[in-house]
Amino acid sequence: MFCNKLNSMHKKWQDQNRFLELLENPWYKLLVKLQNFISVSTYKYWDSQQLQTLHLPITTSTVSSPMGLGSDSKPVKIKLGGVETYLADSMQFMLEYGCRFFDEGSFYIMPSFRGEDCSPRHLSQFYHSEIEVPGNLEKVIQMAEGYIKFLSQGILQSFGIDIAQYTGDVSHLEVLANSTKNLPRITFDDALKQLNNDPLYIHHSSDGWRTLTHNGESELIRQFSGFVWVTHFDHLSMPFYQAFADDRMKTALCADLLFGIGEVIGSGERHQTADDTLKALALHRVPVDDYHWYVHMKRKIPKKTSGFGMGIERFLLWVLRHADIRDMQILPRFIGVKINP
């Protein structure tokens, strides 16, 4: 169950004096300690795996979730010195670029920006922990599991007593921290059968692709006792850059890890060649103009890479068994609202 010991500062995100009151609030003091722990531990963990980080800008001309088929986010366009650009929704493309520098792969933690209004499940600005490595989807699934088990072990050891004061127990952390087996998996098609194709759980697009609803994610989490990878979604429900899993280009080499509030980690294998990338852009009806450089990179240095992205605030929702992601911000940000500081 989610934490029900909410205090007076929850849901007061637009209160201009909130930032001062938080300084005396034990729940938010715990939150910032957890944020720090995840940042420090992430660098330690990926360094131990020989991944290297990149210093990247927060602006880009190439968003990774363009408004084509399968897009689940809106890019944030700005003008900088009179030039139109975007605030980064992800720097996955730059991590693919980094894999051409670093043989073992690359990673970062940095903000991501989305054009949607905030809700209990979504933030318009959030922190992203992402990696990209040479290799296939199976490799990156194993790396993602190792990463969150490592984080859970450290959080349990350093903050278990404090967290239990709000959650009642830390059994959810213990399950993951002590896990020695692979987390369960199910293909998207098998998940539909398990959910009896119930429209409460499955969304059917007018363009012919299918995906899970939030209720569908929650039901699978319940059925699999807390954690499940869903693999091989319809390609048109995914961003164009996910590799094809079949010759008909119907399914994608991708996997979403569902736990807590729903999808916390999204992973995938990328197109290795320029030709497959161009096919995917056409399939998803995404104009190629802004992606010429990406295509040229794959033409000059074809490379099979895979990666994952984890929303840190979503992970912390699970850690704290909380229900509203808007409480995961010390300094809230909402579209169209000025908030100090």
Side-chain angles (χ1 to χ4, degrees), residues 2 30-31 33-51 53 90 92 95 104-110 112 121 123 126-133 135-160 162-164 167 169-186 217-218 220-222 224-231 254-269 306-322 325 328:
F2 289 120
L30 174 59
L31 177 62
K33 289 179 181 178
L34 289 168
Q35 290 173 339
N36 174 72
F37 179 87
I38 289 176
S39 293
V40 173
S41 297
T42 295
Y43 275 78
K44 287 181 178 178
Y45 185 75
W46 294 128
D47 183 62
S48 76
Q49 304 298 307
Q50 288 76 55
L51 273 64
T53 195
S90 162
Q92 175 228 305
L95 292 183
E104 299 301 324
S106 56
F107 77 97
Y108 72 76
I109 288 182
M110 63 184 289
S112 285
R121 295 175 56 92
L123 294 175
F126 65 95
Y127 262 77
H128 227 156
S129 178
E130 295 197 79
I131 76 164
E132 191 78 17
V133 295
N136 60 16
L137 177 63
E138 179 61 34
K139 178 180 179 179
V140 88
I141 287 176
Q142 295 295 330
M143 294 181 77
E145 291 193 13
Y147 173 56
I148 60 172
K149 289 175 183 179
F150 175 79
L151 291 179
S152 298
Q153 290 162 1
I155 289 171
L156 186 63
Q157 180 177 356
S158 299
F159 304 101
D162 295 327
I163 291 169
T167 62
D169 66 71
V170 289
S171 58
H172 61 305
L173 285 165
E174 291 171 340
V175 167
L176 191 56
N178 298 326
S179 174
T180 58
K181 298 180 179 179
N182 292 335
L183 298 177
R185 302 184 197 178
I186 189 171
E217 291 179 346
S218 297
L220 286 174
I221 292 169
R222 186 192 68 79
F224 283 90
S225 301
F227 300 89
V228 61
W229 287 101
V230 181
T231 69
C254 64
D256 287 352
L257 181 57
L258 310 182
F259 63 103
I261 200 171
E263 178 201 344
V264 178
I265 292 178
S267 67
E269 188 173 315
S306 301
F308 77 77
M310 182 182 82
I312 290 177
E313 289 85 356
R314 284 198 168 194
F315 181 74
L316 286 173
L317 270 183
W318 169 77
V319 168
L320 292 169
R321 285 186 165 177
H322 193 54
I325 201 166
M328 297 297 108

(request) Please report the C-alpha distance between Ile148 and Leu257 in whole Å, then the side-chain angles of each, then the deciding distance to 0.1 Å, and finally whether the side chain to side chain contact (heavy atoms under 4.5 Å, CB included) criterion is met. (result) CA-CA 11 Å; Ile148 60 172; Leu257 181 57; 3.6 Å; yes

Which atom names give the shortest non-hydrogen contact between [X] and [Y], and what distance separates them?
X      : Y      : result
Leu123 : Glu313 : CD1-CG, 3.8 Å
Val140 : Ile131 : CG2-CD1, 4.0 Å
Gly262 : Glu217 : CA-OE1, 3.4 Å
Val228 : Ile221 : CG1-N, 4.5 Å
Glu130 : Ser90  : OE2-OG, 2.8 Å
Ile325 : Arg121 : CG2-C, 3.6 Å

(request) Check the angle between the aromatic planes of Phe159 and Phe37 and answer parallel, tilted or perpendicular using the 30° and 60° thresholds. (result) perpendicular

(message) Can you tell me how the ring of Phe107 sits relative to the ring of Tyr43, calling it parallel under 30°, perpendicular over 60° and tilted otherwise?
(response) perpendicular

(message) I'd like to know whether Ile186 forms a side chain to side chain contact (heavy atoms under 4.5 Å, CB included) with Phe224, so could you lay out the CA-CA distance, the side-chain angles of the two residues, the decisive distance to 0.1 Å, and finally the verdict.
(response) CA-CA 10 Å; Ile186 189 171; Phe224 283 90; 4.1 Å; yes

(request) Go through the structure and list residues passing salt bridge (Lys or Arg N to Asp or Glu O under 4.0 Å) with Lys149, not counting sequence neighbours. (result) Glu145

(message) So, using salt bridge (Lys or Arg N to Asp or Glu O under 4.0 Å) as the criterion, who are the partners of Glu132 when residues are at least two apart?
(response) Arg270

[X]: partners by side-chain contact (heavy atoms from CB on, under 4.5 Å), with sequence neighbours left out:
X      : result
Asp169 : Ser171, Arg321
Lys139 : Val133, Asn136, Met143
Phe150 : Ser41, Tyr45
Ala255 : Leu137, Ile141, Trp229, Thr231, Ser267

Identify, with sequence neighbours excluded, every residue that meets ring pair (Phe, Tyr, Trp, His ring centres under 6.0 Å) alongside [X].
X      : answer
Tyr127 : none
Tyr108 : none
Phe315 : Trp318

(request) Dump the intermediate steps for side chain to side chain contact (heavy atoms under 4.5 Å, CB included) on Thr42 and Met310, then the final yes or no. (result) CA-CA 11 Å; Thr42 295; Met310 182 182 82; over 6 Å; no

(message) Among residues at least two apart in sequence or on other chains, which ones pass side chain to side chain donor-acceptor pair (under 3.5 Å) with Ser129?
(response) Tyr147

(request) Not counting sequence neighbours, which residues clear side chain to side chain donor-acceptor pair (under 3.5 Å) with Glu138? List them please. (result) Gln142, Arg185

(message) Please check this pair: side chain of Ser179 against backbone of Val175, looking for a donor-acceptor N/O pair closer than 3.5 Å.
(response) no

(message) Would Glu263 and Arg314 count as a side chain to side chain contact (heavy atoms under 4.5 Å, CB included) here? Give the steps.
(response) CA-CA 8 Å; Glu263 178 201 344; Arg314 284 198 168 194; 4.2 Å; yes

Which distance, rounded to the nearest 0.5 Å, do you find between the [atom1] of [X] and the [atom2] of [Y]?
X      : Y      : atom1 : atom2 : value
Gln92  : Phe308 : CD    : CZ    : 12.5 Å
Asp47  : Thr53  : CG    : OG1   : 10.5 Å
Leu317 : Ile312 : CG    : CD1   : 12.5 Å
Leu316 : Ile38  : CG    : CD1   : 4.0 Å

(request) Would you mind reporting whether Leu320 and Leu34 have side-chain heavy atoms less than 4.5 Å apart? (result) yes

(message) Please list all pairs meeting salt bridge (Lys or Arg N to Asp or Glu O under 4.0 Å) that have one or both residues in residues 171-184, counting only residues at least two apart or in different chains.
(response) none

